Q: 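Below are the structure tokens for one structure; questions will follow.
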2 protein chains.
Amino acid sequence: MEAGQIILDEGKHSTGCIGLLAGFTYRHRTLRNGARQIISVHVPGDFPDLQSGLLGTAIHTLQMLTPGRLALFRADDLQRLVSERPAIRDALWRETLIDTSICGEWVANVGRRDARGRIAHLLCEFAMRLRSAGLLEGDSYELPMTQDQIADATGLTAVHVNRTLQEMRRTGLIHTERRMVKVNDWDRLAALGDFNPQYLHLEAVRN
Amino acid sequence: MEAGQIILDEGKHSTGCIGLLAGFTYRHRTLRNGARQIISVHVPGDFPDLQSGLLGTAIHTLQMLTPGRLALFRADDLQRLVSERPAIRDALWRETLIDTSICGEWVANVGRRDARGRIAHLLCEFAMRLRSAGLLEGDSYELPMTQDQIADATGLTAVHVNRTLQEMRRTGLIHTERRMVKVNDWDRLAALGDFNPQYLHLEAVRN
DNA sequence: CGACTGATTGACGGGATTCAACAACCGTGG
DNA sequence: CCACGGTTGTTGAATCCCGTCAATCAGTCG
């Protein structure tokens, strides 16, 4: 799939389900006033549309953030898999529970942190999830989001995201080049974002 | 249980799970800066801690909003129930998926609506969920939250919630007396909150 | 009747938005 | 190779919604 391609549209009926093999996707919703909110971002290994797939209708738009590859599961195959293989069913269930956990953290992020905190938290979460997916070795990684998208994920405006990122660069917290983010001071970034990775429930994957 | 009583504390190990029989509960999280964010509110019929129960650790504090009654499920009973009764398993799974859906809507609410919109949305959601739980007949209901709690649910301050509620009363949108909220103009309230009940996935309950 | 919690009010300040313009970047095609 | 159009990033000034602080009022309960 190409970057920006829409996988599933808001309001559409949906039965199957996809697994994300490579690249990143994100779910978002547009309000009537035109404002957009990104609800979640997905890294390889995630199942971005379990929710709509199992509930039947998509409540959000699911879109490619970067070019990537998907695995498609047909509805009946998924059903059979879930009923015949308890371990897989439990793993998928667990995945949906972790989705909720991350979503709850986003509520707190958007609701109770200032701009610096929100962005710092987003950077920390993304780094952590990449690392747990085995896609990050050192302390720099590619954040495949435009400032517009960061704004829509954090409930800010692109202008303010820009100014806040500049401040974080000025104070030596991070370094950016192209779309590459380098975290210079992880501890200070985590403190700024009040980041506690517990909500990601990574224990099971630690190994 | 009494109002305000803590059912499950942040960070605690948790194996069982509860069902809410009567009264309301809410989950919340306190950030290091002292700010509090309410992540979700539960009405009778909900299972407020499926997430922590199945994942093993509570990431949020679960607390009684009002006096109420709970049903306790022991961990092993829950396990057996889930593995022996596919219908119950599916219903519980569905419940967790709807939790996620509501949580996503809250992200959008807190991230992209102004104070009036957020509060209007909260009022609409609560009314709708009460109605679907069979606890609401007319157009007035008891909102069992203090303005402080409304603030923590919407990412605002109590002061601003107060002023916004006053404005909503002045313009005849709602009427409040004690903790009782009467919706005078549902259509205008829903429009103000940009409320679309689709995300609640109430079809299945419509009976 | 005091003590407490919750609701209300006013003045002030500030973080974030808005608007608008400009610069930098990128892939495309002549 | 460079001109180009579109997207993304940057900047400044003015504005405003909401937060902060602090005091007061109202209702409840022992």
Side-chain angles (χ1 to χ4, degrees), chain A residues 2-5 26 31 33-38 63-67 109-122 142-171 174-181 192-193, chain B residues 2-5 26 31 33-38 63-67 109-122 142-170 174-181 192:
Chain A
E2 304 294 324
Q5 212 171 330
Y26 67 114
L31 305 188
N33 61 20
R36 201 179 60 152
Q37 177 68 47
I38 295 181
Q63 197 167 0
M64 294 303 301
L65 188 54
T66 65
N109 196 40
V110 167
R112 285 298 184 215
R113 278 193 264 261
D114 64 8
R116 276 171 299 171
R118 291 186 210 180
I119 294 176
H121 189 92
L122 181 71
E142 195 188 0
L143 181 74
M145 302 172 82
T146 65
Q147 294 184 354
D148 239 304
Q149 290 165 335
I150 296 175
D152 285 336
T154 51
L156 299 166
T157 56
V159 173
H160 199 60
V161 167
N162 182 288
R163 294 196 235 263
T164 307
L165 281 176
Q166 280 181 59
E167 188 200 317
M168 292 168 80
R169 280 183 301 223
R170 249 203 327 276
T171 57
I174 60 171
H175 180 82
T176 62
E177 204 172 327
R178 318 288 219 83
R179 291 274 162 81
M180 204 62 124
V181 176
L192 185 61
Chain B
E2 305 293 327
Q5 211 170 330
Y26 67 114
L31 306 188
N33 60 22
R36 200 179 60 151
Q37 178 66 48
I38 295 181
Q63 195 168 0
M64 293 304 301
L65 189 52
T66 65
N109 196 39
V110 167
R112 284 299 183 214
R113 279 193 263 261
D114 64 9
R116 276 172 300 171
R118 291 186 209 179
I119 294 175
H121 188 92
L122 181 71
E142 195 189 2
L143 181 73
M145 300 171 82
T146 66
Q147 294 184 356
D148 240 303
Q149 289 164 335
I150 296 176
D152 286 336
T154 51
L156 299 166
T157 57
V159 173
H160 200 62
V161 167
N162 183 289
R163 294 196 233 266
T164 307
L165 282 176
Q166 281 181 58
E167 187 200 317
M168 291 168 79
R169 281 183 300 223
R170 250 202 327 275
I174 60 172
H175 180 82
T176 62
E177 205 172 326
R178 316 288 218 86
R179 289 277 163 79
M180 202 62 120
V181 175
L192 185 62

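These numbers come from a predicted model, not from an experiment. Below, chains carry the letters A, B, ... as their sequence lines are ordered, and counting in each starts from 1.
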Q: In chain order, what residues pass the side-chain hydrogen bond (donor to acceptor under 3.5 Å, both in side chains) check against A:Thr171, with sequence neighbours excluded?
A: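 In terms of side-chain hydrogen bond (donor to acceptor under 3.5 Å, both in side chains), with neighbours along the sequence ignored, A:Thr171 is linked to no residue.
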Q: Show me the protein contacts with nucleotides 14-16 of chain C, counting only N or O atoms at under 3.5 Å.
A:
from, atom 1, to, atom 2, distance (Å)
C:dA16, OP1, A:Ala115, N, 2.8
C:dA16, OP2, A:His160, NE2, 3.0
C:dA16, O5', A:His160, NE2, 3.3

Q: Could I get the full list of side-chain contact (heavy atoms from CB on, under 4.5 Å) partners for B:Gln149, not counting sequence neighbours?
A: B:Tyr26, B:Arg36, B:Ile38, B:Leu65, B:Met145, B:Thr146
Q: Rounding to an integer number of Å, can you tell me how far B:Gln147 CD sits from D:dG19 P?
A: 14 Å
Q: Rounded to the Å, how far apart are B:Met145 CE and C:dG6 P?
A: 13 Å
Q: Take B:Asp148 and B:Arg163, find for each the nucleotide of DNA chain C with the closest heavy atom, and name the residue whose nucleotide sits nearer the 5' end.
A: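 Closest to the 5' end, via its nearest nucleotide, is B:Asp148.
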Q: Over all heavy atoms of both residues, which pair between A:Gly111 and B:Gln37 is shortest? Give the atoms and the distance, please.
A: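 Scanning both residues completely, I find the closest heavy atoms to be CA-OE1, 3.6 Å.
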Q: Just jot down the side-chain contact (heavy atoms from CB on, under 4.5 Å) partners of A:Arg163, sequence neighbours excluded, or say none.
A: A:Val159
Q: In whole angstrom, what separates B:Leu165's CG from C:dG6's C1'?
A: 13 Å
Q: Between atom CD in B:Glu167 and atom C1' in C:dT9, what is the gap in whole Å?
A: 16 Å
Q: Taking the side chain as every heavy atom from C-beta outward, state whether B:Leu165 and B:Ile174 have any atom pair closer than 4.5 Å.
A: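 Yes, their side chains come closer than 4.5 Å.
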Q: With sequence neighbours excluded, what pairs up with A:Arg169 under the side-chain hydrogen bond (donor to acceptor under 3.5 Å, both in side chains) test?
A: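 For A:Arg169, the residues satisfying side-chain hydrogen bond (donor to acceptor under 3.5 Å, both in side chains) (neighbours in sequence not counted) are A:Thr176.
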Q: If you only use heavy atoms from C-beta on, which nucleotide in C:dT8, D:dT11, D:dG9 is closest to the side chain of A:Gln166?
A: D:dT11
Q: Looking at every heavy atom in both A:Leu156 and B:Arg112, which two are closest together, and how far apart are they?
A: O-NH2, 2.7 Å
Q: In the 5'-to-3' direction, what one-character label does each nucleotide of nucleotides 22-30 of chain D receive under the scheme B = base within less than 4.0 Å of a protein heavy atom, S = sugar-phosphate only, - = no such atom?
A: ------S--
Q: Rounded to the Å, how far apart are B:Ile150 CD1 and D:dC18 C1'?
A: 17 Å
Q: Work out how much the helix from C:dC1-D:dG30 to C:dC26-D:dG5 bends between its end axes, five pairs an end, to the nearest 10 degrees.
A: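 Taking five pairs per end, the axes differ by 40°.
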Q: Which atom pair, heavy atoms only, marks the closest approach of A:Thr66 to A:Pro144?
A: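 The answer is CG2-CB, 3.2 Å.
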Q: Which residues pass the side-chain contact (heavy atoms from CB on, under 4.5 Å) test with A:Asp114, not counting sequence neighbours?
A: A:Arg116
Q: Does B:Gln166 have any side-chain hydrogen bond (donor to acceptor under 3.5 Å, both in side chains) partners at least two apart in sequence or in another chain, and if so, which?
A: B:Asn162
Q: Checking all strands, does A:Arg112 fall into the base, sugar-phosphate, or nothing category for heavy-atom contacts under 4.0 angstrom?
A: nothing
Q: Rounded to the Å, how far apart are B:Asn162 CG and C:dG10 P?
A: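 Taking atom P of C:dG10 as the reference, CG of B:Asn162 is at 11 Å.
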Q: Using the test salt bridge (Lys or Arg N to Asp or Glu O under 4.0 Å), find all partners of B:Arg113 that sit at least two apart in sequence or belong to another chain.
A: B:Glu105, B:Asp194
Q: Give the rounded distance in Å between these two atoms: CG of B:Leu65 and P of C:dG6.
A: 11 Å
Q: When the distance from CG of B:Asp152 to P of C:dA7 is rounded to whole Å, what number comes out?
A: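 Distance, rounded to whole Å: 12 Å.
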